[in-house]
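Every chain is numbered from 1 and lettered A, B, ... according to where its sequence line falls, protein lines coming before strand lines.
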4 protein chains.
Amino acid sequence: MQILVNPADELPIYRQIMRQIQEAIAGGRLKPGDKLASHRDLAEQAVIAPLTVKKAYDELEALGFIETQRGRGTFVCEKPPRISSADQRAQMRETARKLLSQAYLGGMNFEAAVKILKEADREIAEGRKEAS
Amino acid sequence: MQILVNPADELPIYRQIMRQIQEAIAGGRLKPGDKLASHRDLAEQAVIAPLTVKKAYDELEALGFIETQRGRGTFVCEKPPRISSADQRAQMRETARKLLSQAYLGGMNFEAAVKILKEADREIAEGRKEAS
Amino acid sequence: MQILVNPADELPIYRQIMRQIQEAIAGGRLKPGDKLASHRDLAEQAVIAPLTVKKAYDELEALGFIETQRGRGTFVCEKPPRISSADQRAQMRETARKLLSQAYLGGMNFEAAVKILKEADREIAEGRKEAS
Amino acid sequence: MQILVNPADELPIYRQIMRQIQEAIAGGRLKPGDKLASHRDLAEQAVIAPLTVKKAYDELEALGFIETQRGRGTFVCEKPPRISSADQRAQMRETARKLLSQAYLGGMNFEAAVKILKEADREIAEGRKEAS
DNA sequence: GTGGTCTAGACCACC
DNA sequence: GTGGTCTAGACCACG
């Protein structure tokens with residue numbers, strides 16, 4: 001799996017990694033039982049410090065998304081967790097507000113925002129198809 | 001204008017202020033030429049340090065949303081900054097993908113995401129802000 | 001004499017006024033003995049507070065550029081002062097550095113900066129001609 | 001990189017720092033990708049408060065000259081911001097007029113102004129800074 | 001009263 | 001060690 005990282009981003013690098021892996025699981029590009037790259041390999045591929053990848057893996061393991069088997073590697077869990085629905089809705093509300101601010105500041109209306117959401121959905125669906 | 005701040009939030013306080021003001025501009029509750037509260041007044045009202053509010057104002061000024069006139073106050077710019085519409089769409093697509101990832105991670109579908117977008121729209125329109 | 005003022009400028013308004021009057025004297029558009037607008041008239045024309053204009057006039061008088069005759073008005077002095085040559089050179093060095101930074105950051109070279117200086121000189125010379 | 005600061009100057013300290021760094025970039029002494037001193041180190045070296053240096057760095061980042069990477073440091077951007085060449089020329093004309101006004105106010109002529117420009121050019125090239 | 005600047009010191013997250 | 005944030009309090013310049 002390909003990980004892209006931007007050191008200048010305000011989101012910490014280890015969170016960028018976590019986010020991409022979580023999205024890959026949610027989007028079906030990583031399936032339960034799939035093997036992840038070793039943290040050293042991933043670090044080399046993404047040109048970052050191994051410790052940073054390790055931290056991302058550790059956090060994902062603590063959250064129950066992945067599990068490491070000593071000597072064998074790291075794998076996607078059979079039952080990735082659901083985020084608590086209260087937290088999740090709060091996060092989504094934040095993101096939704098951001099999307100709407102971007103739209104209104106650019107002179108768009110609500111329908112235009114929904115249209116863009118639809119386009120993004122199609123793109124994601126295609127990504128899922130390719131992976132299967 | 002009413003600003004509510006949550007010091008426990010992971011989003012820095014000055015960013016919470018920025019966001020609420022940007023949303024107010026986007027939502028039309030703050031119009032070009034309107035005067036903002038002095039950073040001291042706002043600080044007192046929100047029970048935070050004046051410098052924290054000032055930092056929010058400074059960043060918004062650097063972004064071109066507001067402008068200050070020494071000794072007179074701070075005002076909403078006549079011409080909020082225009083991003084190229086290509087950039088704007090790219091940014092919105094990014095945000096839209098994030099929203100969908102969050103939805104799918106939580107087991108929601110596309111319609112549920114749109115529903116949350118609708119709720120957020122009402123919140124912005126009403127200027128309501130829950131200090132979650 | 002026409003005064004234009006920008007309240008959003010980082011240079012204080014009273015300094016903007018001082019600068020324009022000093023430049024007018026230096027450029028020959030205001031000659032020794034010429035009468036200035038009353039500070040009230042100038043304030044009305046430039047849409048600013050009379051006290052602000054008064055402060056500019058007071059400072060210019062303290063520097064010896066203008067003098068007020070009670071009941072008659074304010075006039076350009078017969079012998080406008082020379083700034084101390086040390087101060088003046090320091091100020092010019094600042095301005096010169098700024099001009100060069102602007103040039104180099106924009107990919108221009110030293111000669112291009114001199115060319116722009118020449119153009120500006122011609123413009124000023126024309127302003128002087130029109131006034132005479 | 002050596003920064004010299006004069007607390008008695010009318011230009012704010014953080015602006016003095018900004019100016020020197022911008023000049024260093026313009027003059028080629030700081031190249032894209034170069035690492036700047038940490039704001040704490042620079043503060044210690046210049047005997048000022050760390051926040052003051054940080055403010056200078058923050059503003060330069062907002063202007064697009066430098067970028068920071070958390071935990072790693074602050075670096076000169078690969079692509080310093082490009083102003084439209086029309087805007088740039090307008091700004092330079094403004095600065096050029098100011099330089100000439102200062103010259104004529106002090107009884108100098110055009111050639112003297114060019115001479116000072118030459119001196120400033122040498123100063124920038126050498127990275128010398130007199131704490132006048 | 002308003003913004004502009006500066007200080008000294010603190011705590012946290014990241015690499 | 002590096003940047004990110006926040007506080008409390010101070011002094012000045014401007015209008």
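Between C:A49 and D:D41, the one whose closest nucleotide on DNA chain F sits nearer the 5' end is D:D41. The residue among B:K35 and D:R70 whose nearest nucleotide of DNA chain E lies closer to the 5′ end is B:K35.
Residues from residues 4-19 of chain A lying near DNA chain E, meaning a heavy-atom separation below 4.0 Å, are A:P12, A:I13, A:Y14 in numerical order. A heavy atom lying under 4.0 Å from DNA chain F marks the following residues of residues 50-67 of chain D, by number: D:L51, D:K54. In the region residues 71-81 of chain B, proximity to DNA chain E at under 4.0 angstrom, judged on heavy atoms, holds for B:G71, B:G73, B:T74.
Annotation: side chain of D:Q2 is not in contact with side chain of D:Q20 (no heavy-atom distance under 4.5 Å).
Reading DNA chain E from its 5' end, the first and the last nucleotide to sit under 4.0 Å from a heavy atom of chain D are E:dT5 to E:dC15.
Among residues at least two apart or in separate chains, there is no side chain to side chain donor-acceptor pair (under 3.5 Å) pair with a member in residues 30-39 of chain D.
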Side-chain donor-acceptor pairs under 3.5 Å in residues 43-57 of chain D, sequence neighbours left out?
from	atom 1	to	atom 2	distance (Å)
D:Q45	NE2	D:I3	O	3.1
D:K54	NZ	D:D58	OD1	3.2
D:K54	NZ	D:D58	OD2	3.1
D:Y57	OH	D:A37	O	2.8

Show every donor-acceptor pair shorter than 3.5 Å between a side-chain atom in residues 8-16 of chain A and any protein atom, with sequence neighbours excluded, or say none if there are none.
from	atom 1	to	atom 2	distance (Å)
A:D9	OD1	A:L11	N	2.7
A:E10	OE1	B:R15	NH2	2.8
A:Q16	OE1	A:N6	N	2.9
A:Q16	NE2	A:N6	O	3.0
A:Q16	NE2	A:L11	O	2.8

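With values rounded to the nearest 0.5 angstrom, A:M92 atom CE is found 11.5 Å from B:K98 atom NZ. Annotation: the span from C:I21 atom CD1 to C:F65 atom CZ amounts to 10.5 Å, rounded to 0.5 Å. One distance of note links CD of D:Q102 with CD of C:E23; it measures 8.5 Å at 0.5 Å rounding. Within the model, atoms CG of C:L42 and CG of C:L36 stand 8.5 Å from one another, a figure rounded to the nearest 0.5 Å.
For B:R70, there are no salt bridge (charged side-chain N to carboxylate O under 4.0 Å, His left out) partners, not counting sequence neighbours. A search for salt bridge (charged side-chain N to carboxylate O under 4.0 Å, His left out) contacts involving D:E59 returns nothing, not counting sequence neighbours. Under the rule for a salt bridge (charged side-chain N to carboxylate O under 4.0 Å, His left out), B:R72 has no partner lying at least two apart in sequence or in another chain. Not a single salt bridge (charged side-chain N to carboxylate O under 4.0 Å, His left out) links C:D41 to another residue, sequence neighbours left out.
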Checking side-chain contact (heavy atoms from CB on, under 4.5 Å) for the pair B:C77/B:E67: CA distance, chi angles, key distance, verdict? CA-CA 6 Å; B:C77 282; B:E67 65 184 353; 4.0 Å; yes
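Here the rule is side-chain contact (heavy atoms from CB on, under 4.5 Å) with B:Q22, and of B:I66, B:L60, B:L30 only B:L60 fits it.
Nearest approach of A:T68 to A:E61, heavy atoms of both residues: N-OE2, 3.2 Å.
Secondary structure note: stems in DNA chain F built from 3 or more consecutive Watson-Crick or G-U wobble pairs under 3.5 Å occupy E:1-14 with F:1-14.
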